[in-house]
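Okay, so here's the structure we're looking at.
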Amino acid sequence: MFAADYEEAPPAMSVPKPAQQPAAALAEQEFDMFADILAAAPVVVNDQNPSLIDNWDDPDGYYRLILGEVLDKRYHVYNNLGKGVFSNVVLARDTVDGNTDVAIKIIRNNDTMYRAGMKEIAILKKLQEHDPQGKKHVIRMIRQFEHRNHLCVVFEALSLNLRQVLRKFGKDVGLNIRAVRVYAQQLFLSLSLLRQCNIIHADIKPDNILVNEAKNVLKLCDLGSASDVSENDITPYLVSRFYRAPEIILGLPYDPAIDMWSVGCTLYELYTGKILFPGRSNNQMLRCMMDLKGPFSKTLLRRGQFSAQHFDVDKQVFLQQEIDKLTRNEVVKSVVITKPTRDLRQRLLSPQVLAGVRDEEERQLIHQFVDLLDKTLTLNPEKRITVKEALKHPFIVWSRTSSRASTETTSAAATTTSS
Ligand SMILES: Nc1ncnc2c1ncn2[C@@H]1O[C@H](COP(=O)(O)OP(=O)(O)OP(=O)(O)O)[C@@H](O)[C@H]1O
């Protein structure tokens with residue numbers, strides 16, 4: 001899904017909270033997962049004889065799905081799972097391997113997408129070699145094949161992505177802090193694997209994080225934008241906009257810290273149901289960031305290739321791009337930003353907000369969460385919390401010190417703590 005899809009989102013500050021559901025409760029709620037998927041993505045059944053069709057692709061090079069078609073002589077396609085820039089993803093039953101469900105990513109039919117698909121496969125292979133038992137919460141690739149000029153990549157099938165989970169269980173209010181903690185811990189484990197392999201994901205957001213049916217295990221997916229740390233070509237449009245780190249927009253050299261920033265934005269969204277920085281352009285994104293975190297340092301701005309597009313660097317003045325209400329022309333307003341105007345602690349920890357929280361322990365957990373969020377959202381990437389530090393943060397190691405949390409934490413979380 002594209003960042004542009006959420007452009008109409010309401011400003012992130014307008015939410016009082018919490019009416020939430022813990023991970024365990026989420027897991028207990030019974031609903032028909034396939035009915036949900038069917039409702040979300042209706043499949044057109046093509047009743048033509050497949051052998052009579054000579055154009056298998058739509059005008060954009062996506063494979064036209066035929067319900068009931070068998071791919072690679074073994075995968076019975078029976079549903080659509082999603083569509084992205086690179087591919088459409090289908091659900092199929094693997095008749096060779098015990099009729100298990102698999103997700104098949106059918107890459108669009110063109111050279112650029114093919115090359116991107118091959119790169120994604122190479123990165124997934126590297127990650128799997130370093131995590132042979134699959135404990136680090138990155139999607140498992142099973143194999144690849146080609147079908148009518150489309151590269152097809154077979155994955156373990158998971159259920160909803162976190163955007164769908166939010167829509168279903170936490171629309172506008174977000175998820176319970178204990179569920180967020182379990183998800184955060186697993187996300188940091190996935191970042192630790194990426195770090196170990198020198199890979200930057202570069203597109204972390206709720207859409208690219210899938211959960212199992214019980215919703216107590218998540219996996220990071222869509223490595224289609226991932227690259228080796230050595231490749232870091234400077235471009236201001238890497239990562240979906242709402243999750244894009246400031247160093248990308250400013251044109252600084254970047255590193256795995258950009259994924260930490262995206263995880264911070266994602267965790268905030270999971271907890272509040274709101275997008276943290278809903279900027280409609282890179283310029284607005286910078287304004288949103290400074291509203292929360294204060295001005296950028298001169299040193300940082302001086303190093304950025306694109307800083308001059310957004311700042312008068314010497315004067316430390318922000319050049320705010322706006323549309324004039326009367327003329328509809330773009331105008332640039334000089335704005336001096338001296339301190340933040342938004343306060344995460346006020347927003348998430350004020351007495352009114354915490355009044356609805358069940359017990360003291362949960363209140364403490366929320367305090368720890370806000371501390372961690374603050375550290376993931378440090379403007380200077382060199383000072384941002386690292387994965388190693390995040391995995392040791394009190395919010396993440398909470399279950400070891402709190403008996404109540406450990407009873408509520410799902411079995412999956414218990415496994416990952418020890419991995
Ligand atoms: N293994 C899987 N199990 C279940 N659903 C999946 C799986 N892989 C992908 N999906 C669904 O398909 C959607 C698109 O997948 P993915 O993001 O990998 O494709 P893409 O073409 O690379 O998209 P993007 O535009 O985000 O780059 C996901 O958001 C998810 O809902």
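What you are looking at is a predicted structure, and each value in this text was computed from that prediction instead of being measured. Order of appearance sets the numbers: ligands from 1, and atoms from 1 within every ligand.
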Below 4.0 angstrom from a heavy atom of Leu81, which ligand 1 atoms are there? Numbered from 1 as shown, please. 4 (C), 5 (N), 11 (C), 31 (O)
In ligand 1, which numbered atoms sit nearer than 4.0 Å to a non-hydrogen atom of Gly84? 20 (P), 21 (O), 23 (O), 24 (P), 25 (O)
At under 4.0 Å between heavy atoms, what of Lys105 touches ligand 1? The answer is side chain
Is Gly82 near ligand 1, meaning one of its heavy atoms is under 4.0 Å from it? yes
Any idea which atoms of ligand 1 are less than 4.0 Å away from a heavy-atom of Asp207? 29 (O)
Within reach of ligand 1, part of Leu210 (heavy-atom separation under 4.0 Å): side chain
What do you reckon, does Ala157 have a nitrogen or oxygen under 3.5 Å from a nitrogen or oxygen of ligand 1? no
Which distance, rounded to the nearest 0.5 Å, do you find between the CD1 of Ile107 and the CD of Glu146? 10.5 Å
Which segment of Phe155 sits under 4.0 Å of ligand 1 when only heavy atoms are counted: side chain
Under 4.0 Å from ligand 1, counting heavy atoms only, is it the side chain of Ser87, its backbone, both or neither? both
Short list, please: which atoms of ligand 1 are under 4.0 Å from a heavy atom of Leu158? 2 (C), 3 (N), 4 (C)
For ligand 1, is there an N or O atom under 3.5 Å from any N or O atom of Lys205? no
Where does the angle between the aromatic ring planes of His147 and Tyr63 fall among parallel (under 30°), tilted (30 to 60°) and perpendicular (over 60°)? perpendicular
Give the numbers and elements of all ligand 1 atoms closer than 4.0 Å to a heavy atom of Val85. 21 (O), 23 (O), 24 (P), 25 (O)
Per-residue contact class, Ile139 against ligand 1 - non-hydrogen pairs under 4.0 Å: side chain
Please confirm whether Asn161 comes within less than 3.5 Å of ligand 1 when only nitrogen or oxygen atoms on both sides are compared. yes
For Val89, atoms of ligand 1 separated by under 4.0 Å from a heavy atom: 8 (N), 9 (C), 10 (N), 12 (O), 14 (C), 15 (O)
Crowding at CD, Gln133 (>12 non-hydrogen neighbours, <6.0 Å): no
To the nearest 0.5 Å, what is the distance between CD on Glu69 and NE2 on His76? 11.0 Å
Give a yes or no on whether the backbone of Val217 and the side-chain of Asn212 come within a donor-acceptor separation of less than 3.5 Å. yes
Do we get Arg148 above Trp56's six-membered ring, with its NZ or CZ under 6.0 Å from the centre and within 45° of the axis? yes
Sidechain-backbone polar pair: Thr272 side chain, Lys274 backbone, donor-acceptor under 3.5 Å: yes
Under 6.0 Å between ring centres: does that hold for Tyr75 and Phe145? yes
Applying side-chain hydrogen bond (donor to acceptor under 3.5 Å, both in side chains) between Asp371 and each of Lys375, His367, Gln368, report the one that passes. Lys375
So for Asn208 against ligand 1, with non-hydrogen atoms under 4.0 Å, the contacting part is side chain
Any N or O of Phe86 that comes nearer than 3.5 Å to an N or O of ligand 1? yes
Proximity of Phe369 and Phe395 rings by center, below 6.0 Å: yes
What I'd like to find out is whether the side chain of Leu344 reaches to under 4.5 Å of the side chain of Leu292, using heavy atoms alone. yes
